[in-house]
2 protein chains.
Amino acid sequence: MSRRSGILEFAVLGLLREAPMHGYELRKRLNTSLGIFRAFSYGTLYPCLKTLVANGWLIEEPGSAPEDALAASLAGRRAKIVYRLTAEGKEHFEELLSHTGPDTWEDEHFAARFAFFGQTEREVRVRVLEGRRSRLEERLEKMRASLVRTRERLDDYTLELQRHGMESVEREVRWLNELIESERAGRDQRQPAPESSAQQDNTSGETGGLPRHRGAESSGGTPPGSSTPPDPSDDTAK
Amino acid sequence: MSRRSGILEFAVLGLLREAPMHGYELRKRLNTSLGIFRAFSYGTLYPCLKTLVANGWLIEEPGSAPEDALAASLAGRRAKIVYRLTAEGKEHFEELLSHTGPDTWEDEHFAARFAFFGQTEREVRVRVLEGRRSRLEERLEKMRASLVRTRERLDDYTLELQRHGMESVEREVRWLNELIESERAGRDQRQPAPESSAQQDNTSGETGGLPRHRGAESSGGTPPGSSTPPDPSDDTAK
DNA sequence: CTGACCATGTAATACGTTACATGATTGC
DNA sequence: GCAATCATGTAACGTATTACATGGTCAG
């Protein structure tokens, strides 16, 4: 079945597990917080929500904006629809969370999985990370092979492109190595926990600690501003 | 009009400019040599070829495998169709090569352009590289902004994902900086050349030299082999 | 003579976006 | 009262993939 839409369903379920929301906000969160998978449009999102409701995983309830107490006091003002995860939805999501099939380590799929690692058991996390890594290593293998076969016949630029591509993949492998290592370091016991306590409260770092990184060394030069107009990831559509 | 199919047309024209080929081989080259844009299927390629023929940019000619003299001696053996670029096709491709619009620095589009930099004038190359860079910088800007807005409310994994994403983009910016610099270093004269001599013979390095890189530091560990079946980039489809 | 690979095509289909239609709310 | 933004939805469309249909060639 659906490849990309499966990702959407998964992400929607995951976001709603944290808090009920209406479609509009859902879409924003999908495009910024989880900025990885590029914009889904309403034309995709709303039908998807309907499907999920039809499956009994979500229920629609009328609601005023939940984040604003004053607005809430103005009583059921509009036809806003707030989606809330049902018990079955939660169950289903948890089931999805525990799957570790080969599709799981495909680019966008992997990003989606990773984004909800905070709600995933360590055992599963490691399996997904390892799967992703071996996927990338296969890719590297192919790249190397085709490079050997074709080099010399290729001009400098094609070569450089290939080189850069491979380097990127190698980097990601190293990143995964760090993550896996730090997952294992967290606590390497046999069984992950007394069982059944799948959801610890996920406020923050109960992970065992991700590898240290100091982010955002802004590379100076060339201010943006150049007209690069209608990015679908903009909320400010036309 | 078409976004991705525009890339296909461009790449096909570019490959055929180097040598006539039939569809099957074209597809392989598209997926390996230019391994960047992920597999196009025959269902996309053949119709595309037809369009190009209809536009007068290509002509179909019956031909035996041109790389094998023995096979060629067996006379027109089969209904293989070899596609050859026409004069108009060449002209059209050269026109495409000189375009530097904003779409040009979008991910896959950019990769396609870069892959044919060997046949592109330096002036254009620099413009494309700079465009790409400013595109990425805009993206970084957005990522930073949304990170500032949402940090603290995000768990460690989401944060790490975002961090890693930004780092990748920053890397590519640095890569582009190197390339741009080395383009400029090549020779920084006013006009690129006596005019009209747009196509030097592109056997190899007349570029001025790309930045030095020592490729493929194979990161050890974790052999592949894990079942990752039906990759569309495989030729060995079912 | 069978299976693997070369080679070309098309029809059905799935997927997601664009554009459109609609209307409430808020700030100026 | 007008523009911007919030908010929900749908129908038409383009685009690419899948699966199918077909047949030649070559190795074992």
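As the structure is a prediction and not an experimental result, all values here were calculated from the model. Below, chains carry the letters A, B, ... as their sequence lines are ordered, and counting in each starts from 1.
- In terms of the side chain to side chain donor-acceptor pair (under 3.5 Å) criterion, residue partners of B/Ser41 (sequence neighbours excluded) are, by chain and number, B/Thr44.
- Between the OH atom of A/Tyr42 and the P atom of C/dC20 there is a distance of 18 Å, given to the nearest Å.
- For A/Glu88, the side chain to side chain contact (heavy atoms under 4.5 Å, CB included) partners at least two apart in sequence or on another chain are A/Trp57, A/Thr86.
- In this structure, the side chain to side chain donor-acceptor pair (under 3.5 Å) partners of B/Trp175, at least two apart in sequence or on a different chain, are A/Glu160.
- Taking atom CG of A/Leu26 as the reference point, atom P of D/dC6 lies 15 Å away to the nearest angstrom.
- Between the OH atom of A/Tyr24 and the C1' atom of D/dC6 there is a distance of 5 Å, given to the nearest Å.
- With a 4.5 Å cut-off on side-chain heavy atoms, A/Arg133 and A/Glu137 count as touching.
- Nucleotide D/dT17 holds its P atom 6 Å from the CZ atom of B/Arg4, rounded to whole Å.
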Watson-Crick and G-U pairing of DNA chain D written in dot-bracket, each distance under 3.5 angstrom, with | for inter-strand partners: ||||||||||||||||||||||||||||
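- Every side chain to side chain donor-acceptor pair (under 3.5 Å) that B/Glu172 has, sequence neighbours left out, goes to B/Arg132.
- With sequence neighbours left out, the side chain to side chain donor-acceptor pair (under 3.5 Å) criterion links B/Arg84 to B/Glu61.
- The residue A/Gly23 sits close only to the backbone: its heavy atoms come under 4.0 Å of sugar-phosphate atoms, none of a base.
- One interatomic measurement links the two molecules: NZ of B/Lys50 to C1' of C/dT8, which rounds to 9 Å at whole-angstrom precision.
- Taking only side-chain atoms of B/Pro47, from C-beta outward, the nucleotide of C/dT17, C/dT10, C/dC6 with the closest atom is C/dT10.
- Whole-Å rounding puts the A/Leu45 CG to D/dT8 P distance at 9 Å.
- Distance, B/His22 NE2 to D/dG23 P: 20 Å, rounded to whole Å.
- At least one side-chain nitrogen or oxygen of B/Ser5 sits closer than 4.0 Å to the OP1 or OP2 atom of D/dA16.
- Residues A/Arg144 and A/Glu138 are not paired through a salt bridge, judged by the lack of any N-O separation under 4.0 Å between the basic side chain and the carboxylate.
- The side chain of A/Tyr83 sits closest to D/dG9 out of D/dG9, C/dC6, C/dG9.
- At the phosphate of C/dG16, neither OP1 nor OP2 sits under 4.0 Å from any side-chain N or O atom of A/Ser41.
- Atom OH in A/Tyr46 sits about 12 Å away from atom C1' in D/dT10, given to the nearest Å.
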